[in-house]
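These notes concern the structure reproduced below.
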Protein chains: 4
Amino acid sequence: MGDTMDGTKQHRRRGDTRQRIQDVALELFAEQGYEKTSLREIAERLEVTKAALYYHFKTKEEILVSLFEDLTQPMEELIEWGLEQPRSLETKQEIVRRYSAALSGAAPLFRFMQENQATVRELRIGEMLKNRTLSLKDILVDPEAEMTDQVRCVSALFTLHAGMIVLQDLEGDPETKRKAILEVAIDLITQAHQGG
Amino acid sequence: MGDTMDGTKQHRRRGDTRQRIQDVALELFAEQGYEKTSLREIAERLEVTKAALYYHFKTKEEILVSLFEDLTQPMEELIEWGLEQPRSLETKQEIVRRYSAALSGAAPLFRFMQENQATVRELRIGEMLKNRTLSLKDILVDPEAEMTDQVRCVSALFTLHAGMIVLQDLEGDPETKRKAILEVAIDLITQAHQGG
Amino acid sequence: MGDTMDGTKQHRRRGDTRQRIQDVALELFAEQGYEKTSLREIAERLEVTKAALYYHFKTKEEILVSLFEDLTQPMEELIEWGLEQPRSLETKQEIVRRYSAALSGAAPLFRFMQENQATVRELRIGEMLKNRTLSLKDILVDPEAEMTDQVRCVSALFTLHAGMIVLQDLEGDPETKRKAILEVAIDLITQAHQGG
Amino acid sequence: MGDTMDGTKQHRRRGDTRQRIQDVALELFAEQGYEKTSLREIAERLEVTKAALYYHFKTKEEILVSLFEDLTQPMEELIEWGLEQPRSLETKQEIVRRYSAALSGAAPLFRFMQENQATVRELRIGEMLKNRTLSLKDILVDPEAEMTDQVRCVSALFTLHAGMIVLQDLEGDPETKRKAILEVAIDLITQAHQGG
DNA sequence: TATGAATGAGTCTTCATTCAT
DNA sequence: TATGAATGAAGACTCATTCAT
């Protein structure tokens with residue numbers, strides 16, 4: 001019956017509730033998935049009622065959208081920059097380098113999106129993500145190139161993404177791993193550009 | 001309204017209900033995800049009541065487990081075979097080739113698992129999948145090798161997986177694409193084996 | 001948490017649940033209005049869980065629609081009959097007589113609709129009701145007649161409706177009242193037909 | 001999202017907020033009904049926060065009460081006047097005439113009350129309205145008269161009320177219709193008085 | 001004269017599951 | 001080999017109201 005709350009939560013931290021909701025939501029979404037994370041759970045962790053969430057966000061989906069918008073801005077800018085550059089090998093390499101950095105900056109969100117593709121596809125961020133991805137493909141992949149080279153470019157992107165998630169399981173120093181991943185990706189892009 | 005069933009569905013296909021449930025379930029799981037697919041929906045498509053599903057499977061999860069077991073048997077055998085072979089380049093290349101074929105044979109299931117990782121992780125098939133993946137990594141990845149080469153091997157696997165799903169979007173003949181993907185994967189494995 | 005049910009409700013009355021839901025729903029809708037009647041309330045009165053209601057009806061609105069369809073069938077038939085008759089005074093008088101009877105047969109439902117017009121208008125039965133009403137007007141009201149006479153016809157209908165509800169408050173024997181109401185309505189129709 | 005207020009609403013109309021709340025509330029109540037109109041909606045239309053409404057009115061119901069009191073004052077006075085007059089035909093006719101005018105002056109409110117009877121009945125204005133109605137009946141209806149004539153009187157009142165709402169649908173000039181309605185009502189009263 | 005932030009109760013609805021027949 | 005009927009738990013969301021500032 002209702003959200004009971006014992007009085008023990010002093011007026012601590014006011015004004016930052018919106019941010020705290022985002023933090024907890026991202027944590028839980030990444031951990032358990034979007035559908036399995038209920039607003040009740042988020043609210044409980046914040047020691048706040050569900051209704052409070054609705055004061056800050058219109059819907060559950062809106063929480064996710066806000067995370068996406070806040071955390072992928074660097075990527076958005078990167079893509080805009082990339083679209084204006086010449087399609088040279090240097091540009092592509094630079095894009096891959098910066099993309100790798102941008103990914104690291106929003107790792108939990110991307111992990112979430114990787115692991116919840118079926119869900120994401122049905123949500124508003126699905127469309128946003130798709131557009132970004134297509135732009136990126138436009139920049140990196142030359143539609144005139146041999147199929148093998150096209151595959152190499154896409155594979156480079158996937159290596160970066162996978163790197164953030166699965167390759168964590170490999171033993172070794174994280175920074176070493178990040179560099180190795182980047183190197184393989186740049187390698188693939190370079191091979192592709194040189195025409196096999 | 002209840003599980004209403006109008007009498008119009010002839011006694012078609014006696015005894016194959018279990019199979020039909022699996023077919024429809026896989027279709028819907030792949031299309032919408034596991035959580036968003038309800039047993040009601042599956043039952044409705046089959047023109048059967050929900051309770052009928054429970055005659056054939058103990059739980060919703062069991063339907064998924066049965067799909068996994070039925071469809072990934074070739075992979076299971078492939079891995080068993082691989083574990084007995086010497087860790088030579090030829091073996092690795094052969095594994096990649098056969099793995100690619102096995103993937104194609106169970107594409108919808110793997111698409112489902114790729115797109116529902118968060119969900120899969122929490123289910124029984126999560127553990128099964130993880131074990132298989134680790135075995136595969138053991139076969140392909142040499143823990144003594146340079147990090148870049150380790151990354152290349154994992155990247156090869158991811159290229160195959162991604163190939164099934166994302167690369168569909170690239171223009172071109174499917175068979176050409178499949179070969180290109182396989183080529184890139186084998187290339188990566190080969191480079192890795194040769195030590196960068 | 002959930003709908004708790006103590007075991008004390010034997011397997012009494014099976015098969016008639018759908019009917020019982022309709023009965024209780026109509027009673028409560030008429031008593032308190034549609035919006036103020038919650039499914040929880042209906043379920044509690046029936047000593048059943050809310051989910052059971054959903055086994056028999058797809059939505060709350062569907063319960064109302066089913067009541068409307070079941071209870072206004074006589075009216076539907078009356079209107080169909082009326083549309084085929086000549087627009088004579090006798091026809092009109094007969095319609096009014098039969099309409100009065102049909103109203104009595106579904107009094108609680110009409111009382112409900114009268115008192116919840118704002119709600120009804122937004123629901124599916126709003127449209128149904130509107131259509132019936134327009135047909136009835138077509139039968140009774142001659143668009144060529146003087147405005148006063150048109151008003152008399154509509155007023156006759158309203159007298160019948162109001163009769164069911166408000167006039168209950170007048171003292172006197174119910175049957176006497178019903179006859180008086182009918183007489184006034186027929187009077188109005190007759191005056192209208194004679195051209196003032 | 002919270003009650004967000006962008007700064008763009010100039011200091012327009014100081015001090016008339018209370019009035020503006022009433023206006024918007026009446027508009028929405030009449031359009032959608034009382035229950036379906038939320039304070040959030042009213043506040044949003046006024047570009048004010050919900051809390052602001054509570055500065056001016058203690059509860060949602062109070063808004064309605066205030067509308068009732070403000071808009072039905074002429075009727076209140078009419079009834080007081082009527083109670084002091086002799087129960088002559090002339091008085092009754094005059095009452096009907098003035099009542100018709102008073103109704104026109106507060107049409108939206110009466111439309112609201114007509115269409116939300118179920119709701120109104122449970123609210124404070126239910127009682128107020130009932131008292132007024134009974135007084136009016138006392139003036140117009142002679143309890144000694146024949147039942148048919150009593151019905152005629154009540155029917156006259158209902159004709160006026162219905163006139164405001166349903167008869168709008170009839171084609172024709174509004175003023176012509178208003179006069180026709182009044183004529184029919186006065187006719188009914190007159191017939192009733194002359195003893196059927 | 002208002003706002004920002006929050007609450008508690010309640011809404012309709014959906015789901016996986018059970019069991020007697 | 002199924003169905004009809006139901007349950008218990010939980011879901012997202014909305015509402016009127018409050019109160020410190």
Side-chain angles (χ1 to χ4, degrees), chain A residues 1-5 9 11 14-15 17-18 35-43 46-61, chain B residues 1-5 11 14-15 17-18 35-43 48-63, chain C residues 1-5 9 11 14-15 17-18 35-41 43 46 48-61, chain D residues 1-5 11 14-15 17-18 35-43 46 48-61 63:
Chain A
M1 252 145 259
D3 314 302
T4 21
M5 202 98 301
K9 45 108 214 200
H11 258 266
R14 33 170 166 122
T17 306
R18 195 191 141 94
E35 334 250 7
K36 297 240 298 205
T37 301
S38 69
L39 294 185
R40 178 181 51 68
E41 210 174 346
I42 298 178
L46 290 168
E47 293 182 285
V48 160
T49 55
K50 268 175 288 162
L53 305 185
Y54 280 92
Y55 179 77
H56 294 281
F57 297 94
K58 262 208 293 280
T59 63
K60 184 183 179 186
E61 188 173 352
Chain B
M1 246 94 150
D3 307 327
T4 22
M5 207 92 303
H11 260 273
R14 284 242 252 131
T17 305
R18 194 189 142 94
E35 335 250 7
K36 297 239 299 205
T37 301
S38 68
L39 294 186
R40 177 178 52 66
E41 211 174 346
I42 297 177
V48 155
T49 55
K50 267 177 293 168
L53 305 184
Y54 279 90
Y55 178 79
H56 294 282
F57 297 95
K58 262 210 298 283
T59 65
K60 184 184 180 185
E61 188 174 351
E62 273 265 304
I63 301 181
Chain C
M1 246 143 262
D3 314 301
T4 23
M5 202 100 299
K9 45 107 214 197
H11 256 269
R14 33 173 169 119
T17 306
R18 195 189 140 96
E35 335 249 8
K36 296 240 298 207
T37 301
S38 69
L39 294 185
R40 179 181 51 68
E41 211 174 346
L46 289 167
V48 159
T49 55
K50 267 175 290 162
L53 305 185
Y54 280 91
Y55 179 76
H56 294 281
F57 297 95
K58 263 209 292 279
T59 63
K60 185 184 179 185
E61 189 173 350
Chain D
M1 246 92 145
D3 308 325
T4 22
M5 206 92 305
H11 260 273
R14 282 241 253 131
T17 305
R18 194 190 141 94
E35 336 249 6
K36 297 240 298 207
T37 301
S38 67
L39 293 186
R40 177 177 54 64
E41 211 174 347
I42 296 177
L46 289 168
V48 156
T49 54
K50 266 177 292 168
L53 305 184
Y54 280 89
Y55 178 79
H56 294 281
F57 297 95
K58 262 210 299 280
T59 65
K60 184 184 180 187
E61 188 173 352
I63 302 181

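Lettering of chains follows the sequences in order, A, B, ..., and the numbering in each one begins at 1. Since the model is a prediction, treat every value here as computed from it, not as a measurement. Note: hydrogens, waters and symmetry copies are ignored here, and every other heavy atom, side chains too, is used.
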Legend entry - For atom CD of B:E62 and atom P of E:dT17, their distance in whole Å: 10 Å

Legend entry - Reported CD1-to-CG distance for the pair B:I63 and B:L39, which is rounded to 0.5 angstrom: 5.5 Å

Legend entry - Closest listed nucleotide, where the reference is the side chain of D:S38 and the choices are E:dT18, F:dC13, F:dA16: F:dA16

Legend entry - Pairing nucleotide - F:dA16, Watson-Crick or G-U, each distance under 3.5 Å: E:dT7

Inset, instruction - Round to the nearest Å and state the distance from C:R40 atom CZ to F:dT14 atom P. - result: 20 Å

Inset, instruction - Round to a whole Å and report the spacing from CD of A:E47 to C1' of E:dA5. - result: 17 Å

Inset, instruction - Taking all heavy atoms of C:E41 and all of C:K36, pick out the closest pair and write down the distance. - result: OE1-O, 3.8 Å

Inset, instruction - Ignoring backbone atoms, test whether B:T17 places a side-chain nitrogen or oxygen under 4.0 Å from the OP1 or OP2 oxygen of F:dT1. - result: no

Inset, instruction - Give a yes/no on whether any side-chain N or O of C:T49 is located under 4.0 angstrom from OP1 or OP2 of F:dG8. - result: no

Legend entry - A:T49 versus A:A43, closest heavy-atom pair with distance: C-CB, 3.8 Å

Legend entry - Between F:dT14 (P) and D:E41 (CD): distance, integer Å: 12 Å

Inset, instruction - Name the residue closer to the 5' end of DNA chain E, choosing between D:R18 and A:A52 according to the nucleotide with the nearest heavy atom. - result: D:R18

Legend entry - Distance, rounded to the nearest Å, where C:L46 contributes CG and F:dT7 contributes P: 10 Å

Legend entry - Atom-to-atom span, OH of A:Y55 to P of F:dA12 - whole angstrom: 22 Å

Inset, instruction - Return the value, rounded to whole Å, for the distance between atom NZ of D:K60 and atom P of E:dA9. - result: 20 Å

Legend entry - Upstream residue (5' side of DNA chain F) when B:L53 and A:L39 are each assigned their closest nucleotide: B:L53

Legend entry - Side-chain (A:K60) to main-chain (A:T37) donor-acceptor, under 3.5 angstrom: yes

Inset, instruction - For E:dT21, give its Watson-Crick or G-U wobble partner with both distances under 3.5 Å, or none. - result: F:dA2

Inset, instruction - For E:dC12, take OP1 and OP2 only and decide whether either is under 4.0 Å from a side-chain N or O of C:T59. - result: no

Inset, instruction - Figure out the CD1/P separation between D:I42 and F:dT17, and round it to whole Å. - result: 11 Å

Inset, instruction - Ignoring the backbone of A:H56, work out which of F:dT3, E:dA6, E:dT3 is nearest its side chain. - result: E:dA6

Legend entry - Residue whose closest nucleotide on DNA chain F lies nearer the 5' end, B:K50 versus A:E61: B:K50

Inset, instruction - Taking only the side-chain heavy atoms of A:A51 (C-beta and beyond), determine which of F:dT3, E:dG8, E:dA6 contains the nearest atom. - result: E:dG8

Inset, instruction - Locate the shortest heavy-atom distance separating D:H56 from D:R18; write the atom from each residue and the value. - result: O-NH1, 3.8 Å

